[in-house]
Asks: 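Here's a structure for you.
Worth saying up front: this structure is predicted, and the values here are computed from it rather than measured. Naming convention: chains lettered A, B, ... in sequence-line order (proteins, then strands); numbering from 1 in each chain.
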Amino acid sequence: MKNYDHKKIEGKWQKEWEKKKIYNAQNKLKGKKFYGLIEFPYPSGDGLHVGHPRPYIGMDIISRKRRMEGYNVLYPIGWDAFGLPTENYAIKTGIAPEKVTKKNSDNFRRQIKSLAVSFDWSREVNTTDPAYYKWTQWIFLQFFKKGLAYKTKTVINWCPKDKIGLANEEVINGCCERCGTLTEKREKEQWMLAITKYADRLDKDLDTVDYLPQVKTQQRNWIGKSEGSEIEFKITDSELGIKVFTTRADTIFGATYVILAPEHTLVESLKSKVKNWDEVEKYIALAKKKDELTRTAADKEKTGVELKGVEAINPANGEKVSVWVADYALVNYGTGAVMAVPAHDERDFAFATKYKLPIKQVIAPMFESGEGHPDKPVAGKPVIERDVAYAIIKHWSEDKYLALKWKQVDHWTSLVMGGIDTGEDAVSAMKREVSEETGFTDFKKAYDLQFEVHSKFYQHQKGENRYAKAQTIVIELGSGAQNNVDEEELKKHEPLWIEKNKMEDFLVHGNHKLSWNKYLGKIGAYTEGGVLINSGQFNGLSSQEVKKNITEFVGGKMVTKFKLRDWVFSRQRYWGEPIPLVNCEKCGWVPVPEKELPLKLPKVKSYQPTDTGESPLSAITSWVNTKCPKCKGKAKRETDTMPNWAGSSWYYLRYTDPKNKKEFASKKNLKYWTPVDWYNGGMEHTTLHLLYSRFWHKFLYDLKLVPTSEPYKKRTSHGLILAEGGEKMSKSRGNVVNPDDIVKTYGADTLRLYEMFLGPFDQAVVWSTESMIGSRRFIEKVWRLGEKVMSAKAKTSSKEIERLLHKAIKKVTEDIEIMGFNTAISSMMICVNEMEKAESLSVKDFKLFLQIVAPFIPHVAEELWREMGEKKSIHLSKWPKYDPKKIVDDTFTLVIQVNSKVRAEATVPVSLSEKEAEEIAKNHPMIQSWIAGKTIRKIIYVKNKLVNIVAA
RNA sequence: GCCCGAGUGGCGAAAUUGGUAUACGCGCGAGACUUAAAAUUUCGUGGUCGUAAGACCGUGUGGGUUCGAUUCCCACCUCGGGCACCA
């Protein structure tokens with residue numbers, strides 16, 4: 001018996017597979033296909049660490065299974081090789097980026113190949129290859145021709161360290177995504193791609209794809225679709241008006257001032273009217289200077305300045321409101337102006353409180369027999385509307401509050417409350433009620449909290465439905481001076497002094513709790529929906545249904561806004577695709593003619609970006625100065641390059657036809673291969689690469705250049721592999737585990753199996769080289785088992801083994817589909833453990849086992865398969881089917897419970913009837929003592945599982 | 001603050017139309033083989049009490065629904081991820 005030696009078999013089979021091209025996609029565009037995709041790597045100088053291959057191996061297992069299921073499989077790889085690290089390396093060393101890229105990708109290729117990932121290497125692409133980026137440039141020109149690529153002066157996020165403009169997506173907490181440096185704002189002419197034109201479709205079409213729910217939510221979040229109203233507030237004595245965007249048109253009667261973003265162009269146009277212009281100008285200058293981080297810090301105190309002398313008119317009620325400039329209004333969202341409704345918006349509330357601006361409640365919370373409320377309104381009974389009030393009564397010396405405990409109803413407690421008579425105001429009404437019900441007379445202070453709460457309920461004693469509109473009144477007692485309280489009142493309820501911090505638990509009604517929390521200041525603005533009050537003709541309507549009507553009433557219109565901004569597509573860098581446009585004095589921006597593509601990167605002496613923010617290309621005058629393709633006059637080339645998201649936005653299309661010189665891919669190939677059936681990648685690319693590529697794809701679809709509107713049918717994610725301390729693996733932390741070392745000592749099969757066994761595929765897991773031994777042991781067991789089976793030459797297997805084997809086939813078949821690799825492996829381990837012990841295991845059955853384990857440990861499976869006389873690769877064999885008859889158990893363990901506690905077990909045949917099971921249970925000796933002297937109330941029977949005797 | 005996910009032995013983790021909690025693996029303990037070690041292999045391995053049979057407790061915490069809850073509901077705590085003045 002020869003021992004398992006991974007070194008002897010892994011290289012051998014890798015060469016054989018490559019020679020026979022068994023993993024290459026077949027060029028015949030016929031039959032069922034499977035296109036599996038992983039995110040192509042950036043070939044960094046550090047090489048692969050053990051975290052990189054996790055997604056490759058996962059998708060490899062799926063691809064291998066698909067091949068065995070008879071699919072024509074496309075599982076490609078390439079290099080996303082434009083990018084900063086290579087360029088920075090070039091700056092430091094002077095070595096050309098092409099050379100570095102070549103070296104790094106050669107190393108990556110070698111490493112990946114050593115893991116036997118079944119990529120089709122004949123379709124390898126490289127984004128930095130001119131034959132590839134010719135088409136990246138070509139697609140960009142299509143955007144340009146359709147007016148979706150435009151150059152504009154914008155405020156961009158600028159990283160002072162990398163000297164590069166960043167898209168919003170690349171700014172994390174105000175810092176550069178790559179280097180962590182705090183970004184600055186800079187004004188610059190930049191090429192933009194109009195992704196916002198596709199915002200709605202990018203959002204809506206998520207319904208048509210099978211993505212992880214988190215991916216969909218994150219994309220939706222990022223796109224930030226929000227439906228609302230655009231409404232104009234006219235400025236008095238002026239032709240001008242302020243257009244605001246709001247999702248809460250229902251609160252417009254409560255709009256007590258208007259806010260403009262500091263960058264809003266209207267501010268300048270109002271200059272002549274503004275009396276405090278100096279102050280305003282200063283504020284604006286300050287706001288512009290602030291960097292992203294300090295300006296958007298959530299806990300930052302709000303600031304602003306009033307435009308004195310400017311007044312706007314609330315179109316709902318005609319009231320004059322003040323106009324302010326404040327940086328909590330953002331210029332690039334909505335209209336850059338906000339109608340402030342402090343009573344119903346947290347931010348406006350904070351601002352209004354600080355600057356003492358009026359706060360007007362226009363939405364009353366509505367309690368409709370909800371939680372902690374009296375009975376539901378009864379249909380058919382009359383509804384009596386009543387004005388009422390609650391009193392929050394503070395003790396004269398202690399930190400206690402007065403509340404009522406109702407005597408006729410259990411667990412009923414409330415604030416002191418009562419009706420308001422006609423002509424009476426709420427404060428006097430409550431003073432009257434309080435003295436009647438509690439006897440207290442010394443009211444030091446009594447005021448209206450200005451918080452109205454509505455409720456609907458059924459009043460038992462009166463037999464009628466009530467609609468109560470309650471005011472919240474606060475009364476502070478000066479002393480305990482008290483009159484006698486009427487006997488009748490005392491029979492109804494008992495007044496109790498409750499400590500402040502116990503009050504919320506003491507009160508049972510949701511509306512009382514709400515008023516109490518408003519009093520405490522726990523609720524600033526009431527931001528939920530409710531019933532309109534103080535809103536003229538709209539009073540009594542619900543905030544949900546009234547939005548459209550109110551918008552029309554004030555002459556506004558319903559609109560949809562997005563958080564998504566257009567994509568900054570320019571980079572002032574060398575190592576990227578040159579933007580193929582020339583600027584002609586006469587003709588403006590003119591595309592480089594298609595036949596001149598690719599527009600290659602010229603050789604430069606220095607890769608250093610300039611401090612002025614121009615790319616190193618601008619220094620090469622012989623390249624920059626050119627002729628206009630249109631008029632042949634003098635022209636200059638664009639010196640900006642594309643961001644590295646460009647090449648990755650369409651690479652999956654190129655894989656279908658990677659050598660095509662006439663098109664980015666032929667229609668025929670695209671039609672057969674796309675969409676990608678299954679795309680696995682990192683969550684970190686959800687709002688960047690994934691969204692960008694969906695955008696490009698939709699654009700190409702509109703040009704009828706791709707056959708589907710979505711590029712990827714299904715999207716899953718893998719978790720990170722963390723270093724042993726639970727930290728991220730990185731060269732700088734010095735905790736990187738190199739797969740080369742693992743392959744050398746344990747073998748590629750062990751590494752593959754271990755990575756898949758570590759834990760759930762989509763979760764982060766901690767690497768442990770110590771635990772790897774388990775996977776190696778499993779492989780050795782399989783190996784020994786193979787040797788044993790071959791020498792024994794059994795014709796049949798024992799029944800138990802057959803059952804376990806077919807169960808494993810079922811489990812593995814199903815689990816691979818849901819990326820449950822760890823549980824699939826577990827079932828194979830169980831199977832092997834039993835096969836080891838088994839007296840008889842047939843060659844035929846063992847070969848079935850080899851087939852299901854083959855996607856996980858391809859070398860060992862192939863070696864044993866061939867030794868058993870097979871001439872063709874196991875990876876081209878047909879995926880086994882389990883036999884449903886063979887997985888049926890004859891017996892099962894019947895669990896017998898008494899009062900839901902397991903007291904006994906019995907091995908019984910599966911054909912057992914309910915009656916028989918009950919008999920077995922009752923007569924079981926272990927059970928007798930538990931039910932002795934008790935009455936059996938109930939017997940619960942769960943087929944093939946348990947009997948539960950409920951006895952007392 | 002808001003949204004999403006998670007919390008189970010010493011460790012990685014299984015198990016959900018509600019039905020034996022801890023499969024599988026690592027580690028650990030004891031035995032076999034061996035001159036010895038490694039490798040391999042057999043048995044054991046949630047906690048407490050008990051000589052034992054066994055009993056009780058146990059899936060982040062506190063409640064609830066149920067004959068029965070890791071699974072469903074409510075409240076809370078902790079960790080991870082995303083968003084963050086988006087009107």
Asks: Sequence neighbours excluded, which residues qualify as ring pair (Phe, Tyr, Trp, His ring centres under 6.0 Å) partners of A:Phe233?
Replies: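 Ring pair (Phe, Tyr, Trp, His ring centres under 6.0 Å) list for A:Phe233, sorted by chain: empty.
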Asks: Run the salt-bridge test on A:Lys807 and A:Asp889 with the 4.0 Å N-O cut-off and return the result as yes or no.
Replies: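 Looking at A:Asp889 together with A:Lys807, the answer is yes, because their closest N to O distance falls below 4.0 Å.
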Asks: When the C1' atoms of B:rA36 and B:rA52 are considered, how many whole Å apart are they?
Replies: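 It comes out at 39 Å once rounded to the nearest Å.
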Asks: Nearest of B:rG25, B:rG82, B:rA87 to any side-chain atom of A:Met829?
Replies: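 So the side chain of A:Met829 is nearest to B:rG25.
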Asks: I'd like to know if A:Glu780 pairs up with A:Arg777 as an ion pair, taking the criterion as any Lys NZ or Arg NE/NH1/NH2 lying under 4.0 Å from an Asp or Glu carboxylate oxygen.
Replies: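 Salt bridge between A:Glu780 and A:Arg777, a charged N being under 4.0 Å from a carboxylate O: no.
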Asks: Below 4.0 angstrom from OP1 or OP2 of B:rC24, is there any side-chain N or O of A:Ser827?
Replies: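 No, A:Ser827 has no side-chain N/O under 4.0 Å of OP1/OP2 on B:rC24.
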Asks: Without decimals, in angstroms, what is the distance between A:Leu564 CG and B:rC83 P?
Replies: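 After rounding, the reported distance stands at 14 Å.
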Asks: Specify the glycosidic conformation (syn or anti) of B:rG54, with syn defined as within 90° of 0.
Replies: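 It is anti.
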Asks: For A:Phe351 and B:rA87, what is the distance between atoms CZ and P respectively, to the nearest whole Å?
Replies: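 After rounding, the gap between these two atoms is 19 Å.
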Asks: Should A:Tyr333 be listed as having a side-chain N or O under 4.0 Å from OP1 or OP2 of B:rA87?
Replies: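 Yes, such a contact exists.
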Asks: Verify whether one side chain among A:Thr251 and A:Tyr526 offers a donor that lies under 3.5 Å from an acceptor in the other.
Replies: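 No pair is found: no donor N or O on one side chain lies under 3.5 Å from an acceptor on the other.
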Asks: What contact category does A:Lys901 fall into here, base, sugar-phosphate, or nothing, at under 4.0 angstrom with non-hydrogen atoms?
Replies: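 Sugar-phosphate only.
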Asks: I'd like the P distance from B:rC28 over to B:rU66, given in whole Å.
Replies: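 Rounded to whole Å, the distance is 48 Å.
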Asks: Can a side chain N or O of A:Lys547 be found less than 4.0 Å away from OP1 or OP2 on B:rA87?
Replies: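 Looking at the OP1 and OP2 atoms of B:rA87, neither is under 4.0 Å from any side-chain N or O of A:Lys547.
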Asks: One character per nucleotide, please: for nucleotides 41-54 of chain B, 5' to 3', B when the base has a protein heavy atom closer than 4.0 Å, S when only the sugar-phosphate does, - otherwise.
Replies: S-------------
Asks: Measure from NE2 on A:His718 to C1' on B:rG81 and round the result to the nearest Å.
Replies: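 In whole Å, B:rG81 C1' lies 14 Å from A:His718 NE2.
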Asks: For A:Thr560, what residues pass the side-chain hydrogen bond (donor to acceptor under 3.5 Å, both in side chains) criterion, not counting sequence neighbours?
Replies: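 Here no residue qualifies.
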Asks: Can you figure out which of B:rC67, B:rG25, B:rA87 approaches the side chain of A:Ala329 most closely?
Replies: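 Shortest atom-to-atom distance from the side chain points to B:rA87.
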Asks: Using atom P in both nucleotides, what's the gap between B:rG5 and B:rC85 to the nearest angstrom?
Replies: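 Going atom to atom, P in each nucleotide, I get 23 Å.
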Asks: Between the side chains of A:Glu800 and A:Arg803, is the shortest nitrogen-to-carboxylate-oxygen separation below 4.0 Å, so that they form an ion pair?
Replies: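 Judged by the 4.0 Å cut-off on N to carboxylate O distance, A:Arg803 and A:Glu800 do form a salt bridge.
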Asks: How would you label the contact of A:Ile259 with the nucleic acid (heavy atoms, under 4.0 Å): base, sugar-phosphate, or nothing?
Replies: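 Result for A:Ile259 = nothing.
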Asks: Strictly by modelled atom types, are A:Thr303 and A:Tyr283 linked by a side-chain donor-acceptor pair under 3.5 Å?
Replies: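 Yes, because at least one side-chain N or O of A:Thr303 sits under 3.5 Å from a partner of the opposite role on A:Tyr283.
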Asks: Relative to each other, are the rings of A:Tyr328 and A:Phe351 parallel, tilted or perpendicular (30° and 60° limits)?
Replies: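 Tilted: the ring planes of A:Tyr328 and A:Phe351 meet at 30° to 60°.
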Asks: Applying side-chain hydrogen bond (donor to acceptor under 3.5 Å, both in side chains), can you list everything that pairs with A:Thr196, at least two apart in sequence or on another chain?
Replies: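 Testing A:Thr196 for side-chain hydrogen bond (donor to acceptor under 3.5 Å, both in side chains), a comparison that skips the adjacent residues, returns A:Asp566.
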Asks: Do we see a donor-acceptor contact under 3.5 Å between the side chains of A:Thr217 and A:Gln214?
Replies: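 No, no side-chain donor-acceptor contact under 3.5 Å.
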Asks: Between protein and nucleotides 3-20 of chain B, map the contacts as a letter string: B base, S sugar-phosphate only, - none, heavy atoms under 4.0 Å, written 5' to 3'.
Replies: -S-------BSS----BB
Asks: Ring of A:Phe761, cation from A:Arg54 - is the NZ or CZ under 6.0 Å from the centre and inside 45° of the axis?
Replies: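 A:Arg54 over A:Phe761 ring: yes.
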Asks: Roughly how many Å apart are B:rU59 and B:rA15, using the C1' atom of each and rounding to a whole number?
Replies: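 Result for the C1' pair: 11 Å, nearest Å.
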Asks: Would you call A:Asp348 and A:Lys302 a salt bridge, taking side-chain N to carboxylate O under 4.0 Å as the test?
Replies: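 Salt bridge: no.
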Asks: Run through RNA chain B and report every stem of 3 or more consecutive Watson-Crick or G-U pairs, distances under 3.5 Å, ordered by first number.
Replies: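 For RNA chain B the paired stretches long enough to count as stems (3 pairs minimum) are B:1-7 with B:77-83, B:10-12 with B:24-26, B:27-32 with B:40-45, B:46-49 with B:54-57, B:60-64 with B:72-76.
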Asks: Out of B:rC85, B:rC67, B:rU40, which has the shortest distance to the side chain of A:Lys938?
Replies: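 The nucleotide sitting nearest to the side chain is B:rC67.
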Asks: Would you find a donor on one side and an acceptor on the other, under 3.5 Å apart, between the side chain of A:Thr935 and the backbone of A:Arg937?
Replies: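 Side chain of A:Thr935 to backbone of A:Arg937, a donor-acceptor pair under 3.5 Å: no, none is there.
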Asks: May I ask you to say whether A:Lys943 pairs ionically with A:Glu914, meaning some side-chain N is under 4.0 Å from a carboxylate O?
Replies: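 Salt bridge flag = no for A:Glu914 with A:Lys943.
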Asks: Could you state the CH2-C1' distance from A:Trp222 to B:rC2, rounded to the nearest angstrom?
Replies: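 Distance check: A:Trp222 CH2 to B:rC2 C1' gives 16 Å.
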Asks: Given the C1' atoms of B:rU22 and B:rG7, what is the spacing between them in whole Å?
Replies: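 Those two atoms are separated by 15 Å.
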Asks: Provide, to the nearest angstrom, the distance between the CG atom belonging to A:Leu753 and the C1' atom belonging to B:rG25.
Replies: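 Taking atom C1' of B:rG25 as the reference, CG of A:Leu753 is at 10 Å.
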Asks: Quick check on RNA chain B: between A:Gly224 and A:Met683, whose nearest nucleotide comes earlier from the 5' end?
Replies: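 The answer here is A:Met683.
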Asks: If the P atom of B:rU78 is compared with that of B:rG25, how far apart are they to the nearest Å?
Replies: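 Going atom to atom, P in each nucleotide, I get 37 Å.
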Asks: Using whole Å, report how far CG of A:Leu688 lies from P of B:rG82.
Replies: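 Distance, rounded to whole Å: 11 Å.
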Asks: Please give the distance between the P atoms of B:rC26 and B:rC43 as a whole number of Å.
Replies: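 Taking atom P in both B:rC26 and B:rC43, they lie 15 Å apart.
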Asks: Would you mind reading off the distance between A:Leu720 atom CG and B:rG81 atom P, rounded to a whole angstrom?
Replies: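 One finds 10 Å between P of B:rG81 and CG of A:Leu720, rounded.
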Asks: Between B:rA13 and B:rU17, how far is it from one P atom to the other, in whole Å?
Replies: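 Going atom to atom, P in each nucleotide, I get 22 Å.
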Asks: Please confirm whether the shortest side-chain N or O distance from A:Asn3 to OP1 or OP2 of B:rA39 is below 4.0 Å.
Replies: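 A:Asn3 to B:rA39 OP1/OP2: no side-chain N or O under 4.0 Å.
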Asks: Output the rounded distance in Å from CG (A:Asn899) to P (B:rC67).
Replies: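 Going from CG in A:Asn899 over to P in B:rC67 covers 11 Å.
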